[in-house]
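Atoms considered below: every heavy atom in the structure, side chains included; atoms not considered: hydrogens, waters and symmetry mates.
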Amino acid sequence: MLIERVDTRDQVSLTHAEDEAFWAWAIVETLRHTGIRIEELLELTHLALVQYRLPDTGEVVPMLQIVPSKSNEERVLLVSPELASVLASIITRLRTRHGGHIPTVSRYDPHEKITGPALPHLFQRITRYSWNTSVISANGVYKLLQLVVGQSGITDDMGQPLRYAPHDFRRIFTTDAVIGGLPVHIAAKLLGHRHISTTESYLAVFQDELVRTCRAFLDKRRALRPGEEYREPTDAEWNEFHQHFHLRKLELGDCGRPYGSPCQHEHACIRCPMLRVNPKQRGQLVEIVHNLGERIQEAKLNGWLGEVQGLNTSLEAAKKKLVSLDRSIRRNQSSKDTGPTLLGIPTIGQPGTLTSEGPRTVSE
């Protein structure tokens, strides 16, 4: 059926426009509900719809079988009610237009450079001029997506029409699934990824989603824990809490042990890794090292071998703390003294040579 546009006087085929609109809708809905690749989309056939009976309840659920594509690993997807409606519309359309059955057509694979066997492909349509039925090509999918975006009037910040690729819906599917609570490793299986890191690169989780997800997790965890853990502390508990930090003040610095935990080294602080030495007490630490050395010599002269062993342990710990403290002091001093660095900007001179344009100031 042809109609004429009043504004441009162009003739428009309503039949062709309706056909384009349907297949664009079917492509978008299938991609966003499955997250499959464009090659897997075009390889879908009526045979890919299978049934699975749950062993515990006996319920029959529809599944979509994805043939090997990029990873050469076959997988199945659970068909959601929304996806089932889309696939049912495609099958009904094909059967209505072809006498109650789905035609079997061959598809040419541009990557493998081969033509596959005749199968009841789902994404097949009648070409406009030859009136032959063929599987939609990859270029045809891109054109249909851009047609939808252009007619919808969706633009970017600069007012330019957005460009969507089939792979964008794969990222949308992943983000929606993970935000909805699906574990990342399960999403990786659905997408056919071998490594979770690949799936994580597909995620586009925004800051507000992170905050909401974190709060929901904390609320859920809090609901599962005893209510008395979230009561208001008493005055005695507050005093005990503050007293804990007063007891952490030491001669050489501060003790970093957590609140409520006892001293595991029986207050032998020079040996304890939780001791954080104050740089102002470096001289005191040096004096302790010398004192330990003198005590070791005295113990050896008197044959106090057990004392020698304990003092050696303390001396080694004190020396390590002195080295660590000096390293920290040098690092802090270096960060204060570091100023702008002059870098020569290289420019292209004779073949195989680089010349400098002159120093530029670049702050670290």
Side-chain angles (χ1 to χ4, degrees), residues 184 195-198 200-201 203 205 207 210-211 213-214 217-218 221 233 237-347 354-364:
V184 178
H195 304 286
I196 296 181
S197 58
T198 306
E200 291 174 343
S201 66
L203 297 177
V205 183
Q207 191 67 25
L210 288 174
V211 173
T213 304
C214 183
F217 169 75
L218 294 177
R221 186 179 66 175
E237 289 171 337
W238 268 116
N239 292 333
E240 180 186 358
F241 178 75
H242 289 293
Q243 187 65 24
H244 164 79
F245 294 96
H246 290 302
L247 294 176
R248 296 203 311 183
K249 298 295 181 181
L250 305 173
E251 178 186 9
L252 295 177
D254 296 312
C255 175
R257 71 178 186 272
Y259 168 72
S261 61
C263 180
Q264 298 181 359
H265 297 86
E266 299 179 354
H267 302 284
C269 300
I270 196 64
R271 303 181 183 181
C272 182
M274 303 302 296
L275 172 62
R276 295 178 294 194
V277 181
N278 190 328
K280 297 180 180 179
Q281 300 298 326
R282 184 185 184 281
Q284 183 68 15
L285 182 58
V286 173
E287 184 177 345
I288 291 176
V289 171
H290 291 313
N291 186 20
L292 286 172
E294 294 176 354
R295 292 176 59 187
I296 290 174
Q297 295 299 326
E298 179 184 2
K300 288 181 178 180
L301 291 175
N302 291 284
W304 303 332
L305 299 183
E307 189 76 11
V308 170
Q309 185 178 6
L311 291 174
N312 275 327
T313 303
S314 298
L315 178 61
E316 291 298 322
K319 288 181 178 180
K320 290 181 180 179
K321 282 184 170 50
L322 182 59
V323 172
S324 176
L325 179 62
D326 289 340
R327 186 186 301 113
S328 176
I329 293 175
R330 288 194 302 270
R331 184 167 55 249
N332 293 336
Q333 187 63 35
S334 175
S335 62
K336 293 179 181 179
D337 295 341
T338 301
T341 303
L342 299 179
L343 300 176
I345 305 300
T347 58
L354 289 176
T355 61
S356 179
E357 195 178 70
R360 297 287 182 88
T361 302
V362 180
S363 299
E364 281 195 297

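For CZ of R276, the number of neighbouring non-hydrogen atoms (other residues, nucleotides, ligands) closer than 6.0 Å is greater than 12.
Without hydrogens or angle criteria, N312 side chain to V308 main chain gives a donor-acceptor distance under 3.5 Å.
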Stepwise salt bridge (charged side-chain N to carboxylate O under 4.0 Å, His left out) check, E307 with R295: CA-CA 9 Å; E307 189 76 11; R295 292 176 59 187; 3.8 Å; yes
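Between R330 and R327 there is a side-chain heavy-atom pair separated by less than 4.5 Å. Between R282 and V277 there is no side-chain heavy-atom pair separated by less than 4.5 Å. Counting heavy atoms from C-beta on, the side chains of I270 and L252 come closer than 4.5 Å. The shortest distance between side-chain heavy atoms of K319 and L315 falls below 4.5 Å. You'll find the side chain of T313 stays beyond 4.5 Å of the side chain of L311, heavy atoms only. Side-chain contact between E298 and N302 is present, with heavy atoms from C-beta onward closer than 4.5 Å.
Looking at every heavy atom in both residues, A317 comes nearest to R271 through CB-CA, 3.7 Å. Pairing each heavy atom of D254 with each of L250, the nearest pair is C-CD1, 4.3 Å.
If you check the side chains of Q284 and E251, you find a donor sitting under 3.5 Å from an acceptor.
A distance of 6.5 Å separates CG of L301 from CD of Q297, quoted to the nearest 0.5 Å. Rounded to the nearest 0.5 angstrom, L285 CG and S324 OG are separated by 10.0 Å. Rounded to the nearest 0.5 angstrom, L275 CG and K321 NZ are separated by 5.0 Å.
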